[in-house]
Structures are given as structure tokens and as C-alpha cells.
J.: 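Before I ask anything, let me first share the structure, which is written out below as C-alpha cells.
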Amino acid sequence: MPEGNVIHHQARRLTRAFGQQVVEVDSPQGRFATGASVVNGQRFVDAQAFGKHLFIAFAGPAVAEQHAAKRRSGDADNWVHVHLGLFGKWRIGKGLPPAERGLIRMRVIGETHYAELRGPTACEVINFAERDALLARIGPDPIRRDADPQRAWQRVQRSKAPIASLLMDQRVFAGVGNIYRAEVLFRHNISPFRPGCELTWADFAAIWADLVDLMRQGTKRGRIDTVRTEHRPEAMGRDPRQDRHGGEVYVYRRAQRECFLCGEEIQLMDLQGRKLYWCPGCQVA
DNA sequence: GCGTGATGTTGAA
DNA sequence: TCAACCTCACGCC
């Protein structure tokens, strides 16, 4: 159930575990058997995340011989594209994989580690053109150094859709999910219902910069914390065990509880099939 | 043990 | 707008 920070975190772990190794790939569950047979025995170059999409670059013998000196993602022959959807999970461990538990779509075995993938929405072998087409479909990802926020700003500025919808739209902001959208709007006192075209450049720039900070921090920690130091439980005298969902948050999954800052009741509604949380006291317009 | 819901996306109606 | 997909943890018997 990951937002972009988790995918980037996993990409780093996978690269650390398998980078540049010849690996064994199979599909115990069988649904990725054909794809697995394509990359089995190839070199796992690296894993990279773009928003919530993960691409594992594989290089076959031809590339290995021609470009022995070059060891970058661009040298790959093919990629395994993985999207976890709502339920997908990676398990990465040392040594040999345990006796199979549950349905494993894809399994990677390297020199020192193994990885098991369960329940992804997408797990497929794609070529350069298909990867390009996929990347063209998604917006800039605040976690990536090569992201161009102007692309997101152009869309926000021209849209009458509420900013809460735009933040979840992967064509606008890649990698943002339900927690970051709720929390970043709270942190900037912006109503989730304000149309994109009514955001100023300053509003947008502040949101973007904050997403960069929060999501990069979330990548390092592998979890989401959005509460500022001065509002943390220790600083405000709250019970630190209350209202936690992995990390510390202001509004996500806090419906009907009191806002830490203004005391109003956190609201919840369904917006396009996803739960939207906000504080009516702090996020007025 | 059972039912529910979850940090998501797609494609048909 | 809605159902379908896929898995697992958690709350409530």
C-alpha cells in the first residue's frame, strides 16, 4: 500500500541487494513465468522508481559483452516493470529464500540476497519504447532530482479540478498518494476543494518544495512523517502512542478527532472513491 | 475464525 | 461512477 517514497526506498534496497549481479529469476506462482524466463540469468543492472512505478533494468549477454565498461541503466536490454497497486509487497532478505509462503509472482535470487514480490497490479517485461511511453504518461516526481515542477504547475494552473484531486493525479504529481495529499494541504492551510486555477505560484511552489522535503525524508526512513517538530507529541504534551500510522500525521485517518492546532473536528469524505481528510478550522480556503 | 479495509489503477458502463 | 483486481493485517467474535 505504498506511496512513491516506499517505491524509491525499495528501489534502493533492491539495487543494494542485487546491483550488477547475475541473478536467478522465477515465478513460483506462475503468472510471471514467461517474463521470468526472459530475464533469468541476466545481469540485474539496477532498480529505479518513477512515481509509484518501479523499473528493474536487466542486461543480457550481448550487452554485457559490448558494454562491459558501461554499467548504467541505459545499457539494459529490457526492464521488468512493477506497480504494487494497493496490495503489492516486496520481501527482501539475506541468504536463500524460505520455503514458499503465499503466492509469489516474482522471485529474484542473487549472490547474497533474495527478493519476493506478491500481489502487484503490474509485473511485466517491457522494452525501451514501452518504458518511454509509460514515463511520458506520468508527471514529475518530487523525489527525483530530474523532476521538472513546471510541468505540474502548468497543469494545476489550467485546471478547475480541486487541488485534492490534482495531487492524486499521477499525470500531474507522480508518487503522491492519499497520505501526502492530505498532509501537505494541511501543512499549507489550503482547502482541498480550492480549484487548481485558484492557486498562486507561491502556493504551488510551497507545496512542491514541501513534497520534495517530506517525500525524500520518507524515502530514507521508509515511512511517512509530516508533523513539524514544534507540533510533535513531546512538544505539545500528547500521548505519543496515539494517532500514529507508522509515522506521525496531522489529519490522515484522524476523522472525528480534534485537530492538534485548532481543536476542530477532522473531517472525512469520499472524493472520487478515495478518502479525503482535512481540518475545517485550519484549511478554510 | 471471519469480515473488513488499505498508502492504487484500469477499463467498462 | 463503479466494479474488478490482488494480498495481508487487524479488529471482533
Side-chain angles (χ1 to χ4, degrees), chain A residues 1-11 13 27-33 35 49-55 81-92 98 100-107 115-124 126 130 133-139 141-143 161-162 164-187 192 211 214-227 241-256 266 268-278:
Chain A
M1 310 171 240
E3 302 197 15
N5 67 304
V6 173
I7 313 301
H8 280 268
H9 184 73
Q10 291 167 337
R13 289 179 64 207
S27 175
Q29 171 218 41
R31 286 184 51 184
F32 183 60
F50 290 80
K52 298 168 189 167
H53 297 265
L54 180 82
F55 298 93
H81 167 230
V82 174
H83 195 297
L84 295 182
L86 194 46
F87 318 115
K89 277 184 174 52
W90 281 103
R91 170 178 304 176
I92 302 167
E100 188 179 338
R101 270 198 289 154
L103 298 174
I104 300 164
R105 182 80 59 90
M106 178 190 188
R107 185 166 65 170
E116 298 171 334
L117 172 65
R118 290 155 218 265
T121 295
C123 176
E124 54 182 352
I126 59 174
E130 291 165 322
L134 233 152
L135 290 179
R137 241 176 45 206
I138 60 176
D141 172 352
I143 299 177
S165 302
L166 294 169
L167 278 164
M168 293 279 280
D169 185 338
Q170 301 299 298
R171 295 167 300 184
V172 185
F173 296 89
V176 175
N178 209 7
I179 305 179
Y180 283 124
R181 78 118 166 230
E183 295 294 312
V184 80
L185 289 174
F186 178 91
R187 284 167 58 96
L211 286 172
L214 291 173
M215 294 177 76
R216 284 190 188 159
Q217 191 167 75
T219 302
K220 276 188 202 144
R221 299 187 189 175
R223 64 174 218 201
I224 297 178
D225 289 285
T226 61
V227 175
R241 289 161 304 184
Q242 290 262 306
D243 296 308
R244 303 198 39 141
H245 290 282
E248 201 78 45
V249 293
Y250 288 107
V251 293
Y252 176 73
R253 282 230 219 174
R254 294 199 63 246
Q256 298 181 307
I266 303 301
L268 163 63
M269 72 171 278
D270 207 271
L271 182 66
Q272 295 162 157
R274 304 302 301 278
K275 305 229 181 212
L276 171 67
Y277 300 86
W278 80 101

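What you see is a predicted model, and the numbers here were worked out from it, not measured in a lab.
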J.: Main chain of His9(A), side chain of Thr219(A): is a donor-acceptor contact present, judged purely on distance under 3.5 Å?
T.: no

J.: Write down the distance between OH (Tyr250(A)) and P (dT7(B)), rounded to a whole number of angstrom.
T.: 21 Å

J.: Could you tell me the separation between the OH atom of Tyr180(A) and the C1' atom of dA6(B), rounded to a whole number of Å?
T.: 17 Å

J.: Is any side-chain N or O of Lys89(A) closer than 4.0 Å to OP1 or OP2 of dT7(C)?
T.: no

J.: Between Arg274(A) (CZ) and dC2(C) (C1'), how many Å, whole number?
T.: 15 Å

J.: Could I get the full list of salt bridge (charged side-chain N to carboxylate O under 4.0 Å, His left out) partners for Arg274(A), not counting sequence neighbours?
T.: none

J.: Can you check whether Arg118(A) has a side-chain N or O nearer than 4.0 Å to OP1 or OP2 of dC8(C)?
T.: yes

J.: Could you tell me the separation between the CG atom of Leu276(A) and the P atom of dA6(B), rounded to a whole number of Å?
T.: 13 Å

J.: Any side-chain N or O of Arg181(A) under 4.0 Å from OP1/OP2 of dT7(B)?
T.: no

J.: For dG5(B) and dA3(C), measure between their P atoms and round to the nearest Å.
T.: 14 Å

J.: Sequence neighbours left out, what passes salt bridge (charged side-chain N to carboxylate O under 4.0 Å, His left out) with Arg107(A)? Give chain and number order.
T.: Asp26(A)

J.: In whole angstrom, give the distance that lies between atom CZ of Arg171(A) and atom P of dG8(B).
T.: 16 Å

J.: Is Lys52(A) close enough to dT9(B) that one of its side-chain N or O atoms is under 4.0 Å from OP1 or OP2 there?
T.: yes

J.: Take the protein atom OH of Tyr252(A) and the nucleotide atom C1' of dG8(B), then report the distance between them rounded to whole Å.
T.: 12 Å

J.: Do the side-chain N or O atoms of Gln29(A) get closer than 4.0 angstrom to the phosphate oxygens (OP1, OP2) of dT7(C)?
T.: yes

J.: Polar atom pairs between nucleotides 10-13 of chain B and protein, under 3.5 Å, N or O only, would you list them?
T.:
from: dT10(B); atom 1: OP1; to: Arg137(A); atom 2: NH2; distance (Å): 2.7

J.: Taking only residues two or more places apart in sequence or in another chain, which ones pass side chain to side chain donor-acceptor pair (under 3.5 Å) with Gln217(A)?
T.: none

J.: Which is true for Gln170(A) with a 4.0 Å heavy-atom rule: it touches a base, it touches only sugar-phosphate, or it touches nothing?
T.: sugar-phosphate

J.: Would you say dT7(C) has OP1 or OP2 under 4.0 Å from some side-chain N or O of Arg105(A)?
T.: no

J.: Phe87(A) CZ to dG5(B) P: how many Å, rounded?
T.: 12 Å

J.: Of all residues at least two apart in sequence or in a different chain, which pass the side chain to side chain donor-acceptor pair (under 3.5 Å) check with Tyr180(A)?
T.: none

J.: Expressed as a whole number of angstroms, how long is the span from Arg253(A):CZ to dA9(C):P?
T.: 14 Å

J.: Is there a donor-acceptor pair under 3.5 Å between the side chain of Asn178(A) and the backbone N or O of Lys275(A)?
T.: yes

J.: By the 4.0 Å heavy-atom rule, please label Arg31(A) as base, sugar-phosphate, or nothing.
T.: sugar-phosphate

J.: Name all residues meeting the salt bridge (charged side-chain N to carboxylate O under 4.0 Å, His left out) criterion together with Arg171(A); count only those two or more places apart in sequence or in a different chain, and write none if there are none.
T.: Asp169(A)

